[in-house]
Amino acid sequence: MAYKISDACISCGACAAECPVSCISEGDIFVIDADSCIDCGNCANVCPVGAPEQA
């Protein structure tokens, strides 16, 4: 299952920097493209507030 980023996101960018397939983009908060996400969990592992979660 792909990850999604919750409203807890503080827009620090740590998740985007760790994504091996570059499927995270910045909007009002960061957003994960579910079609490109490979469910590796790197984003969740580096997020200081736990915003990425499995959808």
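Position 1 is the first residue of the sequence, and the numbers go up from there.
- Across all non-hydrogen atoms, the minimal contact from Glu18 to Val46 is CG-CG1, 3.5 Å.
- The two residues Ile38 and Pro20 come nearest to each other via the heavy atoms CD1-CG, 4.0 Å.
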Stepwise side chain to side chain contact (heavy atoms under 4.5 Å, CB included) check, Ile32 with Cys43: CA-CA 10 Å; Ile32 297 174; Cys43 57; 4.1 Å; yes
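- Here the CD1 atom belonging to Ile29 is positioned 7.0 Å from the OG atom belonging to Ser6, to the nearest 0.5 angstrom.
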Verdict with supporting geometry, Phe30 and Ser11, side chain to side chain contact (heavy atoms under 4.5 Å, CB included): CA-CA 6 Å; Phe30 279 78; Ser11 296; 4.1 Å; yes
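- Residues Pro48 and Ile10 meet the side-chain proximity criterion, which asks for heavy atoms closer than 4.5 Å.
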Evaluation steps, side chain to side chain contact (heavy atoms under 4.5 Å, CB included), between Asp33 and Ile24: CA-CA 6 Å; Asp33 177 5; Ile24 302 174; over 6 Å; no
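- Atom CG of Asp39 has more than 12 neighbouring heavy atoms from other residues, nucleotides or ligands inside a 6.0 Å radius.
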Step-by-step side chain to side chain contact (heavy atoms under 4.5 Å, CB included) determination, Val31 to Glu26: CA-CA 6 Å; Val31 178; Glu26 187 174 10; over 6 Å; no
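- What you find for Gln54 and Met1 is that their closest heavy atoms are NE2-O, 4.1 Å.
- For the pair Cys47 and Cys15, the minimum side-chain heavy-atom distance is 4.5 Å or more.
- Residues Ser36 and Val21 share a closest heavy-atom pair of O-CG2, 3.5 Å.
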